[in-house]
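Here's the structure, in structure tokens; my notes come after.
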Amino acid sequence: MTVNRMLPAALAALLAAGACATPSGAPSGAPAATPAAAQAPASAATPLSISDPWVKTARSGMSAAFATLVNTTGEEVTVVAASTPVSPSVELHEVVGDGGATTMRRKQGGVVIPAGGRHVLQPGGDHIMLMNVRTAIEPGAEVPFTLTLKDGRTVSFTAVAKDFAGANESYAPHE
């Protein structure tokens, strides 16, 4: 019975001594080492996660990429630009309706994802528009993308190419 009562006290003493220990070779009184992850500021974490990314197949001309953008921070995140090696011109687009007709146009101000929220890029809605596709996007191809955020950070992802016949809205580049 004496052993059972002494074990918790001994364990507590060992844990306390370990918490006060300095790293090997560190001068006495130096702070204990902390893991690098604990030292990294929260803003260093990736602010967006990308789920279900895909891109419409195309031999040339125009294509579009879609995904769900999930804000992993406690602050609003704005995507202001996108790029991919398969297209020299990539824009953030929205689809707007006017009297039954729909038109896609450049999304002014970028795509805003609320703190802890999500924003869906989908056919017939907001999307990433690829203009003048210079490399054929074949079914199953993995296409790299980079999103640029308002604060200058970037987020990269890969989208799988899929055949898709829908989302044939007209394009109004100057609206």
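Quick caveat: nothing in here was measured; it's all calculated off a predicted structure. Note that these values count all heavy atoms, side chains included, but never hydrogens, waters or copies made by symmetry.
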Residue pair Val155, Thr46: steps toward the side chain to side chain contact (heavy atoms under 4.5 Å, CB included) verdict = CA-CA 7 Å; Val155 177; Thr46 302; 4.3 Å; yes

[X] side chain near [Y] side chain, heavy-atom distance below 4.5 Å:
X: Pro85; Y: Pro144; result: yes
X: Val79; Y: Leu149; result: yes
X: Arg134; Y: Pro88; result: yes
X: Glu76; Y: Val112; result: yes
X: Thr72; Y: Leu48; result: no
X: Val55; Y: Val160; result: no
X: Gln122; Y: Thr68; result: no
X: Thr102; Y: Val96; result: no

Of all heavy-atom pairs between [X] and [Y], which one has the smallest distance, and what is that distance?
X: Pro53; Y: Ile50; answer: CB-CG2, 4.1 Å
X: His119; Y: Val111; answer: CD2-CG1, 3.3 Å
X: Ser89; Y: Ser87; answer: O-OG, 2.9 Å
X: Val90; Y: Ala82; answer: CB-O, 3.3 Å
X: Pro47; Y: Val77; answer: CB-CG2, 4.2 Å
X: Phe66; Y: Leu121; answer: CB-O, 3.2 Å

Sequence-distant partners of Glu138, side chain to side chain contact (heavy atoms under 4.5 Å, CB included), two or more places apart =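 Partners of Glu138 under the side chain to side chain contact (heavy atoms under 4.5 Å, CB included) test: Arg59, Ala136.
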
Considering residues at least two apart in sequence or located in another chain, which fulfil the side chain to side chain contact (heavy atoms under 4.5 Å, CB included) criterion with Ala58?
->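 By the side chain to side chain contact (heavy atoms under 4.5 Å, CB included) rule, Ala58 matches Ser63.
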
Rounded distance (nearest 0.5 Å) linking atom [atom1] of [X] with atom [atom2] of [Y]:
X: Thr57; Y: Lys162; atom1: OG1; atom2: NZ; answer: 11.5 Å
X: Ile128; Y: Glu91; atom1: CD1; atom2: CD; answer: 12.0 Å
X: Thr148; Y: Arg153; atom1: OG1; atom2: CZ; answer: 12.0 Å
X: His127; Y: Glu94; atom1: NE2; atom2: CD; answer: 9.5 Å
X: Phe145; Y: Leu130; atom1: CZ; atom2: CG; answer: 4.5 Å
X: Asp151; Y: Thr78; atom1: CG; atom2: OG1; answer: 9.0 Å

Quick one: do Met129 and Leu92 end up in the same hydrophobic cluster if we chain Ile, Leu, Val, Met, Phe, Trp and Tyr together by side-chain heavy atoms under 4.5 Å apart?
->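 Met129 and Leu92: separate clusters.
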
Linked, directly or transitively: Ile137 and Met62 (ILVMFWY side chains, under 4.5 Å) =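 Each belongs to a different hydrophobic cluster.
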
Under the side chain to side chain contact (heavy atoms under 4.5 Å, CB included) criterion, do Val95 and Thr103 qualify, and how do the steps go?
-> CA-CA 5 Å; Val95 175; Thr103 302; over 6 Å; no

Is a side-chain donor or acceptor of Asn71 paired with a backbone partner of Arg118 at a separation under 3.5 angstrom?
-> no

With distance as the sole criterion, is a donor-acceptor pair present between the side chains of Asp126 and His93 under 3.5 Å?
->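 Checked: Asp126/His93 side chains show no N/O donor-acceptor pair below 3.5 Å.
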
Residue list, side-chain hydrogen bond (donor to acceptor under 3.5 Å, both in side chains) with Asp52, at least two apart or on another chain | none

Hey, can you tell me if Phe164 and Trp54 have their rings parallel, tilted or perpendicular (30° and 60° cut-offs)?
-> perpendicular

